[in-house]
Amino acid sequence: MEGPLLILAGAGSGKTRVITHRIAHLIVNHRVYGPSVLAVTFTNKAAGEMKERVLSLLPEGSGPGSAALAPTVSTFHSFCVRLLRRDGDSLAEIRPGFTRNFTIYDDDDQLALVKQIFKRLGLDEKFMQYRAALSRISHAKNHQETPQDLHNLATDPKTARLAVIYEQYEAGLRQANALDFDDLLLESVRLLTHDEELRHLWNRRIQFLMIDEYQDTNRSQYQLMRLLSDTHKNVAVVGDEDQSIYGWRGADIRNILDFERDYPDATVIRLEQNYRSTKNILEAASAVVANNKERKGKWLWTDAASGTPIGIYEAIDGENEALFIADTINSILTRQPDTRVAILYRTNFQSRQIEEALRRYGRPYKVVGGFSFYQRAEVKDALAYLKLLTTRRDNVSLLRIINTPARGIGRTTLDQVEAEAARRNIALWDALELAVSEHWLGGRAEAAIAAFLRLIEELSQEAERGGVEAALKGILERTGYWRMLQQDTSPESESRQGNLEELLTAAAEAVERGETIAEFLDHAALVSDADTVDEGATIGLLTMHNAKGLEFPVVFIAGMEEGLFPHSRSRDSEAQMEEERRLCYVAMTRAERRLYLSWARYRRRFGGGQPEPTLPSRFLKEVPRHLVEKLNPEREPRLGDIDLHSERHEVRETARRNTYTGRTYNSIEHINQFFAERNAPASGKTPIASPVMTPVTPQALTPAAPPAQAVARREEAGQSDVPPLFRDLPQPPRNAPSPPPTPSAPAYPARKPPNAPLPPPPSASPRRRRGLEPGATVMHAKYGRGTLLRKEGDGEDAKLTISFKTGLKKMVAKYADLTVEE
DNA sequence: CGGTTTTTCGTTTTT
DNA sequence: CGAAAAACCG
């Protein structure tokens, strides 16, 4: 049990089981004191689960007695925060100004700081994207390069300038007594290196160290491991080089490849039996990752049956892909309502379309990540106030809320104060105080600032007495933030209020757990998207990265196209391409029984523009053909096929109805406006947008209708609860024999792009009644004469799209003061 | 100053 | 299409 241990655990080989059993074994059979075992996991959620599982393995079960024997389980970041908050005092010796009540700068805070610096240096995003600058700074930090190093190494003026930004970024953090995510690790390493006594203390405290997902640790995490296990060397690491997917974040694959060199007496254990997936899935995933050159190479095996072939669906476009996924899930869940399904994608924005499709079927789903709770503007505002109460030096938080809600401290005033703060090299807060005491601003501004300073001081005193919940309540009320939201009657404001109420609930719970304000804020900064995964949820939408460590009976992988997955940003480097491939391996091996891969022949890059032709992902071709079942109908789409476009339009409109903003510019309407302005319709009548849209280039975009038998088969299966609109979706032929192997290599011939946007043939839709119907000329008091292009709905609630001289306007019949002209 | 409207611009992945 | 910056107006 003692000594270094390397466990090379393939996907689905039950490594969590191995770790938990090992810990329990140590505690039960070797009488190791539980808390002296530190297990490091990748997410907080994984940590919580691991703790649970170990406790359940202890003899007394989950009784309160065994809780005292619980091991320490946490992420590296949480561990470091606790270390620094508890024992961080001596860090001040090497990081002047550091105190243990430091703030944590999350992604948004970092971004705000960089923007601030850019502004001060007279730069903008044309120089370099903020995020790009941040990621380069992070890279430098993680490779222990100082700004000076960067400057010396710079071969181009951009890098030289970046060194200056980097320097100021670090200065900004120090001035605010803030640590960013990198610092949490880096400064912990520095602290333990610097403070020998503390290091020895921790070496005694931790007798066994275990690290999960070791392939994704970075350099500072590696150093931390070395520092913490200095004397006893009882380190067990678990990882799989084929699942290393965080290279871009500094994960160093050498950590795992060189473990045996670092610890020559290490025991190595290989877990190569997969207990999760069917043989088909395992073989397919293994075949894909086998294309990587940089790997030790291993071949997983399983006792499981072959199972169903991998389903591949070639959609006509993104929307069709989404509908295919939703429809397939719908039939699966109709038959087996408890099946858990995951939809995985490369980039977060892909979720939107899939969500729309699922909503159309009324299937509840859960999206992981994207825009998390703690990133919402209102939540961040509230937390910024809270941070400011703890750390007055926190410039980023201060700037965030100084004029939210508006209190008369505008840009001009702030510019002056910022300039003065920079000149004297003091924190913004101090500069504000000086502005008041030295009167170098106008009277109005000074009064506003004085009132603000007083407010924060008062809130701060209250917070000290009352705890998090009281502090938050005080903030929301006394700053006028709550009132501001209440006065805003928009639906967004309602959801904001809801979010803040949720935050208050979280605060109340924190108080019950006896947490301080600082601990509450730490939690807010360190929760990850993956922590919010609800494994009980039936349908989950998440990125492949967030799916790490999870498993689902049914998995869809969407958007398997060159440029999307593998992502275009990985194109130029072989190493990055291999990481994409590992990501594909991770994604595929999440599936237990059924795996679907889909791609779209055309996809629009942004909301507006034309759909652009795509190429299938190289990973699709790397899946052995004999494991694949193509789910497309055999027949090519034809012109007379039922047009899904109009249906899709409906879907969109339904989804949009709630967020109706009063102005919509979609291309069909633009085209109609084009005609309306020229007033030159072929038919001689005013061209009218018929309620049913004519598809653009039907040959290219109309999805295939399934063969009649497929539909019939489906009806037989008792699925008449499917909305009629979707009966015509392409259906995977059930029980159909595998398609004959396609003979020629290019299974997915590249297509020509759809023709340039063409004006829809003005469908001479018959005019129904006279009056407020499309085509009518109307007068509006403010906008003058216009042409009614489109009408949605009937009666006084009808939504009208009207082309005025000034442009397109959408209005509701009963509110718009319109007169119809003959 | 502060709110609203228009323009621009662009999407990896995240502790 | 949607977010963020820029421009605009009361």
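Just so it is clear: chains get the letters A, B, ... in the order the sequence lines come, proteins before strands, and each one is counted from 1.
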Check every strand shown and say whether [X] touches a base, only sugar-phosphate, or nothing at a heavy-atom separation below 4.0 Å.
X: A:Arg352; value: sugar-phosphate
X: A:Lys115; value: sugar-phosphate
X: A:Asp182; value: nothing
X: A:Asp106; value: nothing
X: A:Arg131; value: nothing
X: A:Asp529; value: sugar-phosphate
X: A:Gln129; value: sugar-phosphate
X: A:Asp107; value: nothing

Can you check side-chain contact (heavy atoms from CB on, under 4.5 Å) on A:Phe452 and A:Arg407, steps first, answer last?
-> CA-CA 8 Å; A:Phe452 172 74; A:Arg407 49 172 74 88; 3.5 Å; yes

Please confirm whether the shortest side-chain N or O distance from [X] to OP1 or OP2 of [N] is below 4.0 Å.
X: A:Ser528; N: B:dT15; answer: yes
X: A:Thr43; N: B:dT15; answer: no
X: A:Asn546; N: B:dT13; answer: no
X: A:Asn348; N: B:dT14; answer: yes

DNA chain B: A:Val527 or A:Ser570, which has the more 5' nearest nucleotide?
-> A:Ser570

Which residue lies toward the 5' end of DNA chain B, A:Phe42 or A:Ala445, if each is placed at its nearest nucleotide?
-> A:Ala445

Does [X] make a cation-pi contact with [Y] (under 6.0 Å, within 45 degrees of the axis)?
X: A:Lys380; Y: A:Tyr374; result: no
X: A:Arg82; Y: A:Phe79; result: no
X: A:Arg618; Y: A:Phe565; result: no

Considering every strand shown, what is the Watson-Crick or G-U wobble mate of B:dT13 when both distances are under 3.5 Å?
-> none

Re B:dT6: Watson-Crick or G-U wobble partner, both distances kept under 3.5 Å, found to be C:dA5

Nucleotide nearest [X] when distance is taken to its side chain, options [options]:
X: A:Asn403; options: B:dT13, B:dG2, B:dT15; answer: B:dG2
X: A:Thr413; options: B:dT15, B:dT13, B:dC1; answer: B:dC1
X: A:Tyr246; options: B:dG2, B:dT15, B:dT14; answer: B:dT14
X: A:Tyr130; options: C:dA5, B:dT13, B:dG2; answer: C:dA5
X: A:Phe181; options: B:dT13, B:dT15, B:dG3; answer: B:dT15

Can you tell me the distance, in whole Å, between the [atom1] atom of [X] and the [atom2] atom of [N]?
X: A:Phe79; N: B:dT15; atom1: CZ; atom2: C1'; value: 16 Å
X: A:Phe349; N: B:dC9; atom1: CZ; atom2: C1'; value: 15 Å
X: A:Asp108; N: B:dT14; atom1: CG; atom2: P; value: 14 Å
X: A:Arg82; N: B:dT15; atom1: CZ; atom2: C1'; value: 15 Å
X: A:Arg411; N: C:dA5; atom1: CZ; atom2: C1'; value: 12 Å
X: A:Tyr374; N: B:dT14; atom1: OH; atom2: C1'; value: 17 Å
X: A:Tyr345; N: B:dT14; atom1: OH; atom2: P; value: 9 Å
X: A:Glu580; N: B:dT13; atom1: CD; atom2: C1'; value: 8 Å

B:dT13 base stacked by A:Trp248 (centroids within less than 5.5 Å, tilt under 30°) = yes

I would like to know whether A:Tyr602 and A:Thr614 meet side-chain contact (heavy atoms from CB on, under 4.5 Å); could you show each step before the answer?
-> CA-CA 6 Å; A:Tyr602 294 89; A:Thr614 66; 5.8 Å; no

Decide yes or no on side-chain contact (heavy atoms from CB on, under 4.5 Å) for A:Glu213 and A:Tyr246, but give the supporting numbers first.
-> CA-CA 11 Å; A:Glu213 307 284 5; A:Tyr246 281 97; over 6 Å; no

If you take all heavy atoms of A:Val368 and A:Asn348, which pair is closest and at what distance?
-> O-OD1, 4.3 Å

